[in-house]
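Letters go in sequence order (proteins before strands), and every chain restarts at 1. Only heavy atoms go into these numbers, but all of them, side chains included; no hydrogens, no water, no symmetry mates.
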Amino acid sequence: MVNIGTRISELKLRNPTILASGILGETSGSMKRVASCGAGAIVTKSIGMKPREGYPNPTAVEIECGILNSMGLPNPGIEEFKKEIDEIDEIDIPVIGSIFGKDEKEFAFLAKKMEEYGLDAIELNLSCPHARGYGLEIGSSPDIVREVVREVKKKVSIPVFPKLSANAGDIVDIGKAAEEGGADGVVAINSLRAMKIDIHLKKPILYNRVGGYSGKGIKPVAVRCVYELSRELDIPVIGVGGVETWEDAVEYILAGACAVQIGAAVYYRGLSVFAEICEGMKRWMEENGFESIEDFRGVALK
Amino acid sequence: MNYPEIVRIKEIVEENPYVKSIFIPFSKTIEPGQFIMVLIPGVDEIPMSVSRIKDGEISFTFKRVGDATGKLFEMEIGDVIGVRGPLGNGFELRGERILFVGGGTGIAPLLPAAEKAKHLGKENIIVIGAKTKDELFFVGEMKKLGKLIISTDDGSEGEKGLAADIAERVIDEEKPDMVVTCGPELMMKRLLDICVERGIDFQASVERYMKCALGLCGQCCIGEGLRVCKEGPVFDKDTLIKCSDFGVFTRDASGRRVYFG
């Protein structure tokens, strides 16, 4: 009997599929729906200090091998978001609160709020590629990442997972800084800074011109990042980028990931994607004689 | 590929001083109740229900309310816009006698729906409501499709009163098999309650602030995570009864709850 349960630091997951941030994680209803579709955990939409409307449309389009988006971090703000969290008591899988701030003080404040609301862990958005003054602009400096993680860790006792970018510098340097700051794990990678120019309009198609590219097209980049981070760090790595099938998930786990996040695949495969990945992975484990995720995690590193 | 196709405006019809229809080439199959995302380059991309379906051509009908519709209102034949779709699910016309109830710009998607119903040999009763006479549209077209009852809030045309009140009386008089509605959410909620009480089949086209229209961002979710862009915009009675936010609150661009009434 195979067991696809996994652990990320002290978080126990029934399976390694996690809803990625920014996908259906803004309302209590949508989080409940994803939980009922078989996900192992949920990451909320990234929440900041104040309500933010984000950019005008087009904020997202389908392009070759993936989705290009520039939502601009729309969110109701941390105070209003409590209403959503107050309505998800029935969700029996871990819910990870994603937060973004302009400095370590904002991150620490937001993390504390999420802990008070009863969430199970914190994901630090240090990698959103399309919002001025946030995300990637903070997350490309190892010193700032170390400081943000350290301040957040001082404030909360739940696990803290910075989400890293492959857009700037060496992701391993950023990962090491996060580990030094006390991170309980890292999430890699956020969408890649990208652009689509419409040849009829002769202009970038997104309102914000630059966006983040996610989906199948970024998977090889993300797998390489997960591989390198797993090799160099002692803390768990959560893989994200183009996970659509059980084969993709297995590949990430072989590269060292203890869980994977799923975003764009909700568009390509529908909400049954979580359960489908789990079923396929179980069959593959049976065929290969693996009883647990740990049995094959990181095998490619050896 | 869910990506805007760039097209030129073929025709513009001024339905009344505040409402226009824009015709664009459209070669795919689209059902009444389905919608398209209309890209106004450099301004915004907004959802629009299809209001006329012709061979190789469709129209959408809108009121000037914000930046995007303001810009659309000023556009001319030959101007360039983007369109992606068809998106979402259309109306399912069930039973023999159908009552259509449209309020304000919610009248728009009911025109192709009533047309289809007539084509299917159904008996149509149509209630269209607006604040005042000047804001009515599609009166001539609707007259040809069934028994038409007009209501205005100020009584300047047809019966004086809210469309929901008039529709309630019409439901009791005409005993339709199904009510199909689009318009202000409080009107649709009242009709939902009436149809639940009387055991009448019901469908409504729901409007929410929409962003990605890919079923990903979650901005347009109602109830237990139903995406208006994907599972909607048309929902059945049984689905809407379970949506505790339907007729209670919508959400603004930041996702904050905005209560009706």
Asks: Looking at chain A, which one of I40(B), V80(B), L226(B), V43(B) has the largest number of heavy-atom pairs inside 4.5 Å, strictly under?
Replies: V43(B)
Asks: Does NZ or CZ of K189(B) lie under 6.0 Å from the centre of the six-membered ring of F246(B), at an angle within 45° of the ring axis?
Replies: no
Asks: Of the backbone (N, CA, C, O) and the side chain (C-beta and beyond), which part of I67(A) lies under 4.5 Å from a heavy atom of chain B, both, or neither?
Replies: side chain
Asks: In the structure I gave you, are the side-chain heavy atoms of I107(B) and T61(B) within less than 4.5 Å of one another anywhere?
Replies: no
Asks: Pick one of side chain, backbone, both or neither for M210(B), based on which atoms fall under 4.5 Å of a heavy atom in chain A.
Replies: backbone
Asks: Are the side chains of M48(B) and I46(B) in contact, using a 4.5 Å heavy-atom criterion?
Replies: yes
Asks: Step through the atoms of chain B and chain A and list each donor-acceptor pair whose separation is under 3.5 Å.
Replies:
| from | atom 1 | to | atom 2 | distance (Å) |
| --- | --- | --- | --- | --- |
| N2(B) | N | E62(A) | OE1 | 2.5 |
| N2(B) | O | E62(A) | N | 3.1 |
| Y3(B) | OH | D198(A) | OD2 | 2.7 |
| D44(B) | OD1 | N57(A) | N | 2.9 |
| E45(B) | O | N57(A) | ND2 | 2.9 |
| M210(B) | O | N57(A) | ND2 | 3.3 |
| K211(B) | O | N57(A) | ND2 | 3.1 |
| K211(B) | NZ | E53(A) | O | 2.7 |
| L216(B) | O | L24(A) | N | 2.9 |
| C217(B) | O | K45(A) | NZ | 3.1 |
| G225(B) | N | G29(A) | O | 3.3 |
| G225(B) | O | R33(A) | NH1 | 2.8 |
| E231(B) | OE1 | R33(A) | NH1 | 3.1 |
| E231(B) | OE2 | R33(A) | NH1 | 3.4 |
| E231(B) | OE2 | R33(A) | NH2 | 3.1 |
| R251(B) | NH1 | E84(A) | OE2 | 2.9 |
| R251(B) | NH2 | E84(A) | OE1 | 3.3 |
| R251(B) | NH2 | E84(A) | OE2 | 3.2 |
| R257(B) | N | E80(A) | OE2 | 3.1 |
| R257(B) | NE | E84(A) | OE2 | 3.0 |
| R257(B) | NH1 | E87(A) | OE2 | 3.2 |
| R257(B) | NH2 | E84(A) | OE1 | 3.1 |
| R257(B) | NH2 | E84(A) | OE2 | 3.0 |
| R257(B) | NH2 | E87(A) | OE1 | 3.1 |
| R257(B) | NH2 | E87(A) | OE2 | 3.4 |

Asks: In terms of heavy-atom pairs under 4.5 Å with chain A, which of G255(B), G215(B), C217(B), G218(B) leads?
Replies: C217(B)
Asks: Within the structure provided, determine whether V206(B) and L240(B) are in side-chain contact (heavy-atom separation under 4.5 Å).
Replies: yes
Asks: What I'd like to find out is whether the side chain of L201(A) reaches to under 4.5 Å of the side chain of L39(B), using heavy atoms alone.
Replies: yes
Asks: Can you find a pair of side-chain heavy atoms, one from F62(B) and one from T105(B), that are under 4.5 Å apart?
Replies: no
Asks: Using non-hydrogen atoms and a 4.5 Å limit, figure out which bit of L216(B) sits close to chain A: side chain, backbone, both or neither.
Replies: both
Asks: Among the options P74(A), P204(A), P51(A), pick out the one with the most heavy-atom pairs lying under 4.5 Å from chain B.
Replies: P51(A)
Asks: Do F107(A) and I138(A) have side-chain heavy atoms sitting under 4.5 Å apart?
Replies: yes
Asks: Does some side-chain heavy atom of L271(A) sit less than 4.5 Å from a side-chain heavy atom of L24(A)?
Replies: yes
Asks: Considering only heavy atoms from C-beta outward, does the side chain of L192(B) approach that of V196(B) to under 4.5 Å?
Replies: yes
